[in-house]
Amino acid sequence: MTQYGSPEREKTEEERSLNFIEQIITEDIKSGKNDGRVHTRFPPEPNGYLHIGHAKSICLNFGLAVKYNGLYNLRFDDTNPLTEEVEYVDSIMEDVRWLGFDWGDRLYYASDYFEQLYEWAEKLIIKGKAYVCELTAEEINARRGTPTRPGTESPYRNRGTEENLDLLRRMRKGEFREGEKVLRAKIDMSSPNMHMRDPVLYRIIHASHHRTGDRWCIYPTYDWAHGQSDSIERITHSICTLEFEVHRPLYDWFIRELEIFPSRQIEFARLNLSYTIMSKRKLLQLVKEGYVSGWNDPRMPTISGLRRRGYTPESIRYFSDRIGVAKRENVIDLALLEHSVREDLNKKATRVMAVLNPLKLVITNYPEGETEEVDAVINPEMPDPGKRKVPFTREILIEKDDFMEDPPKKFFRLAPGREVRLKYAYIIKCEKAVKNDHGEITELHCTYDPLTRSGMPDANRKVKSTIHWVSEPHAREVEVRLFDRLFLKEDPDDVEKGQDFKSSLNPESLKVTKGYISSGIDGAGALDKFQFERLGYFCVDPESKPDKMVFNRTVTLRDAWAKMAKNPQK
RNA sequence: UGACCGAUGGUGUAACGGUAGCACUGCAGAUUUUGGUUCUGCCUGUCCAGGUUCGAAUCCUGGUCGGUCAACCA
């Protein structure tokens with residue numbers, strides 16, 4: 001992981017404690033289960049874009065396979081033609097690949113197993129473990145009982161094998177309307193586990209599927225497809241989220257009745273992030289109702305959104321590693337995700353001086369019309385930091401925030417009569433703040449000390465701070481999109497009665513502004529990463545054009561001064 | 001008011017009967033031509049009550065709190 005900077009000592013296997021899934025796998029390997037083989041899978045349903053929660057699952061599933069010298073599959077759980085689309089299949093593959101995982105030739109679709117699944121359904125009927133039920137969905141639900149009350153058996157539960165077989169075959173042929181009949185497993189209507197109360201295996205859907213077209217009009221449910229797909233692929237450890245825990249008895253029941261390869265389902269707690277929603281349904285709503293520009297809006301917690309925001313695959317993998325894996329509900333602090341990008345970008349991002357909120361500054365004793373070139377460091381964290389020339393002139397732009405007419409005690413920047421260093425250039429002294437008729441400061445007049453240019457002996461003089469700047473005649477205007485968290489509340493769903501999560505939306509999650517940069521960005525292409533010195537990390541938006549560049553703010557730098565300014569009581 | 005799962009600093013996560021550690025956050029300081037980075041230090045924790053044991057975060061019992069389950073979604 002560490003490419004530059006201080007060499008981090010990798011912890012040895014013994015030093016690093018194992019999470020509960022790694023413990024299970026380690027024990028399985030030790031006991032020779034599955035011949036010591038480890039094979040995992042990531043099974044997305046192609047009905048939406050992947051988000052950071054999926055990233056956790058991908059890193060977990062695939063990371064485990066890598067760690068234990070196993071294999072991992074990418075499998076689309078495409079059993080519901082009503083909600084699934086190729087657009088999603090494509091985006092999912094792009095995102096998984098971008099995260100840094102290569103599934104080789106192990107790309108599968110649950111729909112590839114439809115025929116096998118069907119054969120197994122007949123097998124179950126022959127064993128007397130499944131039946132065609134003609135109750136309506138409402139009737140089935142009414143008879144299912146409640147978690148505290150047992151259900152009642154369907155009147156169709158005990159029909160003969162031949163009749164069941166005939167009916168199922170006719171269901172497949174398309175002789176019935178949607179909802180008219182379903183195939184159900186015959187288990188136990190009084191089980192305390194609702195999922196064991198004769199779950200539906202097949203439902204009739206007269207819709208074409210993005211892969212099987214119109215070949216089928218009966219589609220397997222999740223329970224009927226998922227475990228068997230794992231088994232067909234000889235998945236050893238089928239890792240999923242906690243809400244499927246109650247499905248496990250059914251998962252195991254199918255394996256037992258069908259006498260097929262016994263994959264083992266293991267559940268972990270899904271990721272929750274503060275100030276973020278993870279529900280695909282709600283994310284879709286934000287997209288459809290135009291609260292964001294699309295699935296890849298840089299404010300979205302989707303992989304494609306994070307990518308466009310400027311996150312790197314490494315930072316997301318690092319994050320997944322840091323958050324850990326366990327079975328208890330959790331809410332990860334968004335600060336950890338931000339820490340993860342900063343950690344990575346600090347090592348990689350090219351430094352550039354950009355002014356976003358300009359205040360003109362005239363160096364009155366500097367020769368008019370002269371331009372000199374000063375050396376700027378490209379990235380101080382690199383073993384070979386590199387240098388770049390930056391033009392310096394009499395009239396420059398500095399950040400408005402870097403000047404205060406009447407500064408508080410701990411403000412170290414420019415103020416009347418105070419000295420400051422212009423990074424890579426000279427030490428200047430503020431002589432005068434020029435105001436307009438409204439009393440607003442329009443420009444600053446300063447003088448410079450010609451002996452303090454970086455590299456000269458006098459440059460080592462101590463000054464309280466160093467600020468960034470841009471030569472005004474050389475300044476190039478760019479568009480800058482300042483993103484902030486999409487939601488104001490730590491838990492966006494924690495809202496007043498009658499309101500929904502949208503009432504927690506942050507109205508200031510996007511501010512579009514201008515920036516001025518003189519050098520360092522020529523030829524920068526989509527998603528190239530920069531640090532605007534003292535401001536934050538930015539990347540080139542894919543919509544950016546050479547003559548009209550657009551930068552997205554990934555995250556600000558940590559800002560001790562901003563924190564202090566917020567808590568003036570100290 | 002059923003079944004299942006869970007409970008360790010502010011947030012996550014370790015410790016597998018023997019000194020409660022790590023990361024993030026927060027705070028304080030050092031270094032710094034980024035109030036960044038880096039470095040140092042500090043704050044803060046085993047849900048409760050019993051029991052077993054020389055010894056319990058860990059095992060047992062009971063409670064409390066939180067989550068999940070009543071789609072022909074996944």
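Letters A, B, ... are given to chains in the order of the sequence lines, protein chains preceding strands, and every chain is numbered from 1.
A salt bridge is absent between A:D321 and A:R317: the closest approach of a Lys/Arg side-chain nitrogen to an acidic carboxylate oxygen does not fall below 4.0 angstrom. For A:D230 and A:R41, the salt-bridge test passes: some basic side-chain N is under 4.0 Å from an acidic carboxylate O. A salt bridge links A:D375 with A:K389: the closest approach of a Lys/Arg side-chain nitrogen to an acidic carboxylate oxygen falls below 4.0 angstrom. Between A:R264 and A:D252 there is no salt bridge, since no side-chain N of the basic residue sits under 4.0 Å from a carboxylate O of the acidic one. In this structure, A:E245 pairs ionically with A:K327, as a charged nitrogen and a carboxylate oxygen lie closer than 4.0 Å. Ion pairing between a basic and an acidic side chain is recognised when a charged N comes within 4.0 Å of a carboxylate O; A:D449 and A:R461 show such pairing. Between A:K282 and A:D493, at least one side-chain nitrogen of the basic residue sits less than 4.0 Å from a carboxylate oxygen of the acidic one, meeting the salt-bridge criterion.
Comparing the C1' positions of B:C47 and B:C43 gives an interatomic distance of 22 Å, to the nearest angstrom. B:C73 and B:C16 have their C1' atoms separated by 39 Å, given to the nearest Å. A gap of 42 Å separates the P atoms of B:G17 and B:A74, to the nearest Å. Spacing of C1' atoms, B:U34 relative to B:G26, comes out at 23 Å, to the nearest Å. Nucleotides B:A15 and B:U46 place their C1' atoms 11 Å apart, quoted to the nearest Å.
Taking atom CG of residue A:N379 and atom C1' of nucleotide B:U34, one finds them 12 Å apart after rounding to whole Å. Per the geometry, OH belonging to A:Y131 stands 12 Å off P belonging to B:C72, to the nearest Å. Nucleotide B:U34 holds its P atom 16 Å from the CZ atom of A:R558, rounded to whole Å. Taking atom CZ of residue A:F530 and atom P of nucleotide B:U34, one finds them 20 Å apart after rounding to whole Å. For A:K566 and B:U25, the NZ to P distance is 14 Å, given to the nearest whole Å. Rounded to whole Å, atom P of B:G35 lies 17 Å from atom CZ of A:F532. The distance from atom CG of A:N272 to atom C1' of B:G66 is 13 Å, rounded to the nearest whole Å. Rounded to whole angstrom, the span from the CG atom of A:L273 across to the P atom of B:U11 amounts to 15 Å.
The shortest side-chain heavy-atom distance between A:R413 and A:F403 does not fall under the 4.5 Å cut-off.
Side-chain atoms of A:K410 lie closest to B:G35 of the nucleotides B:C24, B:G36, B:G35. Picking from B:C73, B:U33, B:G35 the nucleotide with the shortest atom distance to the side chain of A:N80 gives B:C73. Comparing B:G35, B:U33, B:A74 against the side chain of A:M564 picks out B:G35 as the nearest. For A:D333, the listed nucleotide lying nearest its side chain is B:G10; candidates were B:C72, B:C73, B:G10. Checking B:U34, B:U13, B:C73 against every side-chain atom of A:N330, the shortest atom distance belongs to B:U13. Nearest nucleotide to the side chain of A:F411, out of B:A71, B:G35, B:A74: B:G35. Distance from the side chain of A:H247 is smallest for B:A74 among the nucleotides B:A74, B:G35, B:C24.
Under the stacking criterion of a centre-to-centre distance below 5.5 angstrom and an interplanar angle below 30°, A:W561 sits stacked against the six-membered ring of B:G35.
Partners of A:F532 by ring pair (Phe, Tyr, Trp, His ring centres under 6.0 Å), not counting sequence neighbours, listed by chain and number: A:F538, A:F551.
A donor N or O paired with an acceptor N or O is not found under 3.5 Å between the base of B:G10 and the side-chain atoms of A:E490. Within 3.5 Å, a donor on the side chain of A:R351 pairs with an acceptor on the base of B:U34, or the reverse. Between the side chain of A:R413 and the base of B:G35, a donor-acceptor pair under 3.5 Å is found.
One finds a side-chain N or O of A:R534 lying less than 4.0 angstrom from the OP1 or OP2 phosphate oxygen of B:G35. The phosphate of B:U34 has neither OP1 nor OP2 within less than 4.0 Å of any side-chain N or O from A:H468. In terms of phosphate contacts, A:Q23 brings no side-chain nitrogen or oxygen within less than 4.0 Å of OP1 or OP2 of B:A14. A sub-4.0 Å separation between OP1 or OP2 of B:G26 and a side-chain N or O of A:K563 is present. The side chain of A:T83 contributes no N or O atom lying less than 4.0 Å from OP1 or OP2 of B:A74. At B:U33, none of the side-chain N or O atoms of A:K464 fall inside 4.0 Å of OP1 or OP2 (strictly under the cut-off). Phosphate contact (OP1/OP2 of B:U13, side-chain N/O of A:N19, threshold under 4.0 Å): absent. Between A:R203 and B:C73, a side-chain N or O to OP1/OP2 separation shorter than 4.0 Å is present.
Across the interface with RNA chain B, nearest-nucleotide mapping of A:A459 and A:E180 shows A:A459 to be the residue nearer the 5′ end.
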When Watson-Crick pairs (N1 to N3 and N6-O4 or O6-N4) and G-U wobble pairs (N1-O2 and O6-N3) count only below 3.5 Å on both distances, what is the dot-bracket string of RNA chain B, with | for other-strand pairs? .((((((..((((....[..)))).(((((.......)))))....(((((..]....))))))))))).....
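Between the side chains of A:N47 and A:E45, at least one donor N or O lies within less than 3.5 Å of an accepting N or O. Side-chain contact, A:E338 with A:Y311: no donor N or O sits under 3.5 Å from an acceptor N or O. Looking only at atom types and distance, the side chain of A:H468 has a donor-acceptor partner in the side chain of A:E399 under 3.5 Å away.
Classified by its glycosidic torsion, B:A71 falls in the syn category, the angle being within 90° of 0.
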Is there any protein nitrogen or oxygen under 3.5 Å from a nitrogen or oxygen in nucleotides 1-8 of chain B, and what are the pairs?
residue	atom	partner	partner atom	Å
B:G2	N3	A:P147	O	3.1
B:U8	OP2	A:R328	NH1	2.8
B:U8	O4	A:R328	NH2	3.3

